[in-house]
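Only heavy atoms go into these numbers, but all of them, side chains included; no hydrogens, no water, no symmetry mates. Residue indices begin at 1 and follow the sequence shown.
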Amino acid sequence: RLSTADLSANSRTTDGVELYVGDREYFKLAKEGIPNVSDPLISRVDNSQIVTFAVPIIHDEEVVGVLYSTRDIEFLSKITDEIKLGAYGRSFIVDNMGNTIAHEYRDLVRNRINVILDWDEVGYHKSMHDFFLNMQKNEKGAGQYIIEGTRRYAAYAKIPGTNWYF
């Protein structure tokens with residue numbers, strides 16, 4: 001879904017829905033001239049989990065509005081599903097707070113499982129908590145954790161232009 005918003009944050013989608021987006025961080029950043037990708041949000045149009053890509057509309061070197069596109073968050077999991085290393089290597093995306101954004105187990109995404117805060121509640125080994133806590137402190141790195149009784153080795157890197165780690 002593609003949308004435009006004026007500087008007062010009045011928005012209109014390509015399917016004719018009108019809404020206010022002035023409280024959304026992606027709008028505030030784009031209004032200041034900063035292209036950005038939002039953290040996952042709940043759509044005000046259809047209540048689905050989405051990610052928003054926003055850019056300023058510039059005329060005569062002045063921001064005159066915001067152009068943004070929303071995508072169902074599922075598209076990120078479809079990308080990570082295709083990226084595997086060997087028989088056991090999997091890929092996923094978490095944000096800088098530990099919330100699961102993309103994963104082969106979609107319920108982790110839908111339920112916004114936080115691997116730092118919810119590790120004990122969902123039955124993860126403490127090493128999982130420690131790995132992701134360490135990840136928050138670095139742009140890239142590697143480590144290990146135990147999941148389902150098996151020691152796993154993992155590497156991560158921050159995705160440029162986001163607060164996410166792959």
Looking at Ser127 and Ile146, what are the two nearest heavy atoms and their distance? OG-N, 2.7 Å
Considering only heavy atoms from C-beta outward, does the side chain of Asp39 approach that of Tyr26 to under 4.5 Å? no
Using a 3.5 Å distance criterion without hydrogens, assess whether the side chain of Asp6 forms a donor-acceptor pair with backbone atoms of Ser8. yes
Can you name the closest pair of heavy atoms from Gln49 and Pro40 and give their distance? NE2-CB, 4.5 Å
Is it the case that one hydrophobic cluster holds both Ile113 and Ile147, taking links as side-chain heavy atoms less than 4.5 Å apart, direct or via other members? yes
Please evaluate residues Val94 and Met135 with respect to the criterion side chain to side chain contact (heavy atoms under 4.5 Å, CB included), reporting the C-alpha separation (whole Å), side-chain torsions for both, the decisive distance (0.1 Å), and the verdict. CA-CA 10 Å; Val94 296; Met135 185 180 71; 3.2 Å; yes
Could you tell me whether the side chains of Asn99 and Asp95 share a donor-acceptor contact shorter than 3.5 Å? yes
Enter the distance from Ile93:CD1 to Thr162:OG1 here, rounded to the nearest 0.5 Å. 8.0 Å
Please state whether the rings of Tyr156 and Tyr165 are parallel, tilted or perpendicular, taking 30° and 60° as the class boundaries. perpendicular
Could you please spell out the steps behind the side chain to side chain contact (heavy atoms under 4.5 Å, CB included) verdict for Ile34 and Lys28? CA-CA 9 Å; Ile34 303 167; Lys28 294 174 185 177; over 6 Å; no
Output, in order, the C-alpha distance, side-chain angles, deciding distance and verdict of side chain to side chain donor-acceptor pair (under 3.5 Å) for Asp15 and Thr13. CA-CA 5 Å; Asp15 42 359; Thr13 69; 2.4 Å; yes
Tell me yes or no: between the side chains of Ser38 and Tyr68, is some donor less than 3.5 Å from an acceptor? no
State plainly whether one hydrophobic cluster holds both Leu41 and Val109, where clusters connect Ile, Leu, Val, Met, Phe, Trp and Tyr through side-chain heavy atoms under 4.5 angstrom apart. no
Under 3.5 Å donor-acceptor, Ser11 side chain and Thr4 backbone: yes
For residues Asp46 and Ser48, is any side-chain donor paired with an opposing acceptor at under 3.5 Å? yes
Ignoring hydrogens and geometry, is there a side-chain-to-backbone donor-acceptor pair from Ser69 to Phe53 under 3.5 Å? no
What's the shortest heavy-atom distance between Ile116 and Met97, and which atoms? CD1-O, 3.8 Å
Spacing of Lys140 atom NZ and Asn138 atom CG [to the nearest 0.5 Å]: 10.5 Å
Got Lys31 and Leu7 here, is their nearest side-chain heavy-atom distance under 4.5 Å? yes
Rounded to the nearest 0.5 Å, how far apart are CD of Glu121 and CG of Asn114? 10.5 Å
Report yes or no: does Gln136 contribute a side-chain atom to a donor-acceptor pair with the main-chain N or O of Asn96 at less than 3.5 Å? yes
Give a yes or no on whether a salt bridge exists between Asp81 and Arg106, defined as a side-chain N under 4.0 angstrom from a carboxylate O. yes
Are Ile79 and Val51 linked, directly or through other ILVMFWY residues, by side chains that come within less than 4.5 angstrom of each other? yes
Taking the side chain as C-beta and beyond, is there a heavy-atom pair between Thr52 and Arg24 under 4.5 Å? no
Parallel, tilted or perpendicular, as decided by the 30° and 60° cut-offs, for the rings of Tyr145 and Phe132: tilted
Before you tell me yes or no, could you show the steps for Phe166 and Ile83 under side chain to side chain contact (heavy atoms under 4.5 Å, CB included), namely the whole-Å CA-CA distance, both residues' side-chain angles and the distance that decides it to 0.1 Å? CA-CA 11 Å; Phe166 176 80; Ile83 303 171; 3.8 Å; yes
Over 12 foreign heavy atoms within 6.0 Å of CD1, Ile42: yes
Establish whether Val37 and Leu76 are linked, either directly or via other cluster members, by ILVMFWY side-chain heavy-atom contacts under 4.5 Å. yes
Pro56 versus Pro35: any side-chain heavy-atom pair under 4.5 Å? yes
Say you draw a straight line from OG1 of Thr80 to CZ of Arg90; how long is it, rounded to the nearest 0.5 Å? 11.0 Å
Student check: side-chain heavy atoms of Gln144 and Arg152 closer than 4.5 Å: no
Is the shortest side-chain heavy-atom distance between Asn10 and Tyr20 below 4.5 Å? yes
Rounded distance (nearest 0.5 Å) linking atom CZ of Arg71 with atom CD1 of Ile73: 11.5 Å
On a heavy-atom basis, the closest approach of Phe27 and Ala5 is CE1-CB, 3.8 Å
Is Ile159 reachable from Ile50 through a run of I, L, V, M, F, W or Y residues, each pair having side-chain heavy atoms under 4.5 Å apart? no
Verify the neighbour count for atom CZ of Phe75: are there more than 12 heavy atoms of other residues, nucleotides or ligands below 6.0 Å? yes
Flag side-chain contact, heavy atom, 4.5 Å: Phe92 against Thr100: no
Looking only at heavy atoms, what is the nearest atom pair of Asp130 and Lys126, with distance? OD1-NZ, 2.7 Å
If I compare all heavy atoms of Ser77 with all of Ile101, which pair ends up nearest, and what's the gap? OG-O, 4.3 Å
Give the intermediate values and the outcome of side chain to side chain contact (heavy atoms under 4.5 Å, CB included) for residues Val17 and Arg1. CA-CA 10 Å; Val17 177; Arg1 178 176 296 129; 5.8 Å; no
